[in-house]
Amino acid sequence: MQLLSHLCRNRLPIPFFGLAVVLLVSLASPTSSCTEQEKSSLIQLLDGFSQDGGLTVSWRSDTDCCSWEGIACSTDKTVTDVSLASHGLEGVISPFLGNLTGLLHLNLSHNSLSGGLPLELVSSSSIIVLDISFNRLRGALHELPSSAPDRPLQVLNISSNLLTGPFPSIIWKKMDNLIALNASNNSFTGRIPSDLCNTSPSFAVLDLCFNKLSGSVPPGLGNCSMLRVLRAGYNNLSGTLPDELFNATSLECLSFPNNDLHGVLDSDRIISLRNLQILDLGWNNFNGRIPDSIGDLKRLEEFHLQYNNLSGELPSTLSKCKNLIRIDLRSNYFSGELTKVNFSNLSNLKTLDLWLNNFTGVVPESIYSCSNLTALRLAANNFHGELSLRIGNLKYLSFLSLGKNNFTNITNAFQILKSSKKLSTLLIGNNFRGELMPQDDMIDGFENLQFLDMDGCQLSGKIPLWISRFTNLEMLILRSNQLTGPIPGWINSLSHLFYMDVSNNNLTGEIPLTLMEMSMLKSTGNSSHLGPWVFELPLYIDPSLQYLADTSFPLVLNLSNNNFTGVIPPQIGQLKVLGVLDFSFNKLSGQIPQSICNLTNLQVLDLSNNNLTGDIPSALNNLHFLSRFNISDNDLEGLIPSGGQFSTFEVSSFDGNPKLCGSMLVHRCGSAKAPPATILSTKQLDYKVAFAIAFSAFFGVGVLYDQIVLSRYLNLG
Ligand SMILES: *[C@@H]1O[C@H](CO)[C@@H](O)[C@H](O)[C@H]1NC(C)=O
Ligand SMILES: *[C@@H]1O[C@H](CO)[C@@H](O)[C@H](O)[C@H]1NC(C)=O
Ligand SMILES: *[C@@H]1O[C@H](CO)[C@@H](O)[C@H](O)[C@H]1NC(C)=O
Ligand SMILES: *[C@@H]1O[C@H](CO)[C@@H](O)[C@H](O)[C@H]1NC(C)=O
Ligand SMILES: *[C@@H]1O[C@H](CO)[C@@H](O)[C@H](O)[C@H]1NC(C)=O
Ligand SMILES: *[C@@H]1O[C@H](CO)[C@@H](O)[C@H](O)[C@H]1NC(C)=O
Ligand SMILES: *[C@@H]1O[C@H](CO)[C@@H](O)[C@H](O)[C@H]1NC(C)=O
Ligand SMILES: *[C@@H]1O[C@H](CO)[C@@H](O)[C@H](O)[C@H]1NC(C)=O
Ligand SMILES: *[C@@H]1O[C@H](CO)[C@@H](O)[C@H](O)[C@H]1NC(C)=O
Ligand SMILES: *[C@@H]1O[C@H](CO)[C@@H](O)[C@H](O)[C@H]1NC(C)=O
Ligand SMILES: *[C@@H]1O[C@H](CO)[C@@H](O)[C@H](O)[C@H]1NC(C)=O
Ligand SMILES: *[C@@H]1O[C@H](CO)[C@@H](O)[C@H](O)[C@H]1NC(C)=O
């Protein structure tokens, strides 16, 4: 896997070392030190840095510059290498570097250099390897004048900068030795250059992903007989893959995810790419079937076609791709039975993602022969049947998502899965419809389980004791079942739990005080709760949300839509780091405790549809992150606090409390017999805090407290 990503991130053949040696040998007459001119060019470089990472210690003008840190010279004391990657450099790259007429290799990657990329370097008549990736360079990459002579450049890496403007097309005609070009992760516009290989026949690596390129994939790339890596994902490319492209039979990595490409995968064409190890066409509009000839791609390791319009059955020939490590076909229109594919041949398979298709039948037993499988997602299909005992063979399985199918016998499922010792994410919601929650004391194991989702199963019974043994549980979703009885007192023994959703059940009793002792919700010290990065498979539907992964999940307590009675315990003020508190649609009575105003991280507070009485605590105004607030349909009275955070809430947040009054209601304060509160105006929500915006984006703006939205963003199912 690691090796693979390397492949797609450009491994290089190194013929240019040979060239370097030839150059070195041919240069004569050794001298004792580098020339003053070279020294002064390097000093100019140093002068351009505002942070030099301590280079001045070694770069002293009274010493031979060949002995300076990061500098290498040929035997005749000509500077050939400037290697200053990861030196903490800031400032600009001096064009004077272009005066080093013997410079072959320049590597300034992984610094914080800004300013432009001096044309003197790209157009240098000596440099063969130029790597300035991972900096903050701005501006355009200019074309060379047509009069310029040919250039020796073989490797150009300008990836991960802030470069803009049209991607040059003509400049490459001057570079007939070019082997690798990586311009990924900038903001280039324009098109993929079409005739790279007409001038440089050894061209092998082209990486243009994460830019703003448009137009179609040029047929000219088919002339690249040495092209091994072609990546242009995350652009705005359109059209089909040109037939000529399949002439590039050396291709090992063909990666165009997240564009606007369409067409079918042609059986006769795909077969010519027999060296393919990575095929990634996800997030496009490809349609049709996966051709049988896929089985001839014997070296295929990564196969990504997610989020297209592909249909039909999976060809049985897929089992001939014995090197497959990852298969991602989620969100297409595939159908039929999986049993036609013999998975037992795919012994290297680590992840299989078939989420959101129309597969039917039972899960083929052959899947359980893939003993290296770490993540299996079959959610949102039409599978049925019981889980097989053989799932225990999957010793490394840590992510299992089976939601939204028609699996049966949940007791059996837990009995079987307890032997999956590595399991950390188990998502089985919307199955087992109407069954009984497994009885106590039959289930153990699950020591590593962090995330359990059993929503929408309509299970009856109580919240079972065995959940208390899942001591590493961080997220528990029991939403939309028919569970009865109370929230058990042991709940605080789940010392890692930070996300609890038991909404939409028939739970009764008072809110237990132990719930106010949940250590993850109490202390800011424990902030390292599980983020999506722990998942073997991405949980997001929208790839742009994956960049928000660092935000991690909010801390949630959702007891809504049950039959809870009694008061909201004043100890609620202890849950200081809580982000979402939803007690709506219960039968809670008494006052809103003052201590709620201490929950300064709250973004959502919903106490609507209860029987709460008394005043609204005015200090709620201090909850600066609060973006959703609802206390409608209670029996509250008195003055609605004004100003502060309250100026951002819609009037409907207060509806259905006839005794409330305030400037925003028809019922003004002081007038004894006012009409019942009705809406006067609907204020636009004014989310002030950037964090709140990020949070909304994370969940989908709108009904934050409606966990159905969450389930749309997570591929729970
Ligand atoms: C830049 O790209 C070249 C060619 O693909 C590669 O050899 C080099 O390792 C890359 N640099 C970094 C810092 O990844
Ligand atoms: C060195 O490079 C700079 C900037 O490109 C140029 O202005 C200058 O004339 C050069 N000096 C010599 C001696 O070549
Ligand atoms: C530049 O240096 C970095 C860090 O040592 C290295 O990863 C990269 O491969 C080098 N670039 C080239 C083109 O060799
Ligand atoms: C390249 O592909 C085209 C179209 O598929 C084909 O007609 C042509 O013969 C191929 N050229 C070579 C050199 O294989
Ligand atoms: C599982 O993966 C390891 C490397 O991660 C490999 O050495 C081993 O052969 C694989 N097992 C099977 C059954 O393929
Ligand atoms: C799924 O397959 C069933 C028949 O097996 C069909 O009726 C249904 O329309 C299909 N759904 C989709 C979304 O393709
Ligand atoms: C689920 O399976 C059961 C029995 O296997 C069957 O009675 C039921 O109709 C199925 N439900 C759906 C939604 O397919
Ligand atoms: C569920 O599976 C268990 C074995 O784990 C079995 O004893 C039981 O009969 C099954 N229940 C049904 C309804 O099939
Ligand atoms: C709660 O129980 C009542 C009566 O038993 C039933 O009508 C209702 O559908 C149940 N609600 C839920 C959400 O299970
Ligand atoms: C609450 O309990 C009553 C009976 O006591 C039942 O009718 C009602 O459906 C329950 N409500 C919910 C939301 O479960
Ligand atoms: C809020 O917290 C502070 C200190 O953390 C405490 O002194 C105060 O009593 C709390 N207020 C309420 C109303 O609980
Ligand atoms: C609300 O509380 C009052 C007393 O505080 C009680 O009389 C009333 O029956 C309660 N209403 C509901 C729906 O529980």
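Atoms within a ligand are numbered from 1 in the order they appear, just like the ligands themselves. Positions are given from 1 along the sequence.
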Mind telling me whether Tyr307 and Trp355 have parallel, tilted or perpendicular rings, with 30° and 60° as the class edges?
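If you compare the ring of Trp355 with that of Tyr307, the planes turn out tilted.
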Distance flag for atom 5 (O) of ligand 2, protein heavy atom under 4.0 Å:
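Protein heavy atom within 4.0 Å of atom 5 (O) of ligand 2: present.
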Considering the heavy atoms of Asp131, write down every atom of ligand 1 situated less than 4.0 Å from one of them.
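By the 4.0 Å cutoff, the relevant atoms are 1 (C), 8 (C), 10 (C), 11 (N), 12 (C), 13 (C).
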Show which atoms of ligand 1 fall inside a sub-4.0 Å distance from at least one heavy-atom site of Ser133.
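Selected atoms, number and element: 11 (N), 12 (C), 13 (C).
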Test of understanding: given a 4.0 Å heavy-atom threshold, classify the contact between Asn157 and ligand 3 as side chain, backbone, both, or neither.
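The answer is neither.
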Side chains of [X] and [Y]: is there a donor and an acceptor less than 3.5 Å apart?
{"X": "Thr351", "Y": "Arg326", "value": "yes"}
{"X": "Ser126", "Y": "Thr101", "value": "no"}
{"X": "Ser160", "Y": "Asn185", "value": "yes"}
{"X": "Ser184", "Y": "Ser159", "value": "yes"}
{"X": "Asn287", "Y": "Asn308", "value": "no"}

Could you tell me which atoms of ligand 3, counted from 1 in the order shown, lie closer than 4.0 angstrom to a heavy atom of Val129?
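Every atom of ligand 3 under 4.0 Å from some heavy atom of Val129: 13 (C).
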Per-atom contacts, ligand 3 versus Asn107 - under 4.0 Å to a heavy atom:
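Near Asn107, the atoms of ligand 3 are 1 (C), 2 (O), 3 (C), 8 (C), 10 (C), 11 (N), 12 (C).
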Identify the protein heavy atom lying closest to [atom], giving its residue, its atom name and the separation to 0.1 Å.
{"atom": "atom 11 (N) of ligand 2", "result": "Asn99 ND2, 2.9 Å"}
{"atom": "atom 13 (C) of ligand 2", "result": "Gln37 NE2, 3.7 Å"}
{"atom": "atom 7 (O) of ligand 2", "result": "Phe96 CZ, 4.6 Å"}

A quick test of your reading: do over 12 heavy atoms of other residues, nucleotides or ligands sit less than 6.0 Å from NZ of Lys322?
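No, NZ of Lys322 has 12 or fewer neighbouring heavy atoms, counting only those of other groups under 6.0 Å.
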Quick check: His110 and ligand 1, any N/O pair under 3.5 Å apart?
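Min N/O separation from ligand 1 is not below 3.5 Å for His110.
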Looking at side-chain heavy atoms only, is the closest gap between Phe203 and Leu181 below 4.5 Å?
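SC-SC contact between Phe203 and Leu181 confirmed.
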Under a heavy-atom criterion of less than 4.0 Å, does Ser109 contact ligand 3?
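Distance cut 4.0 Å: Ser109 passes for ligand 3.
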Measuring from non-hydrogen atoms of Gln44 to any atom of ligand 2, is the shortest distance under 4.0 Å?
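Outside the 4.0 Å threshold, so no.
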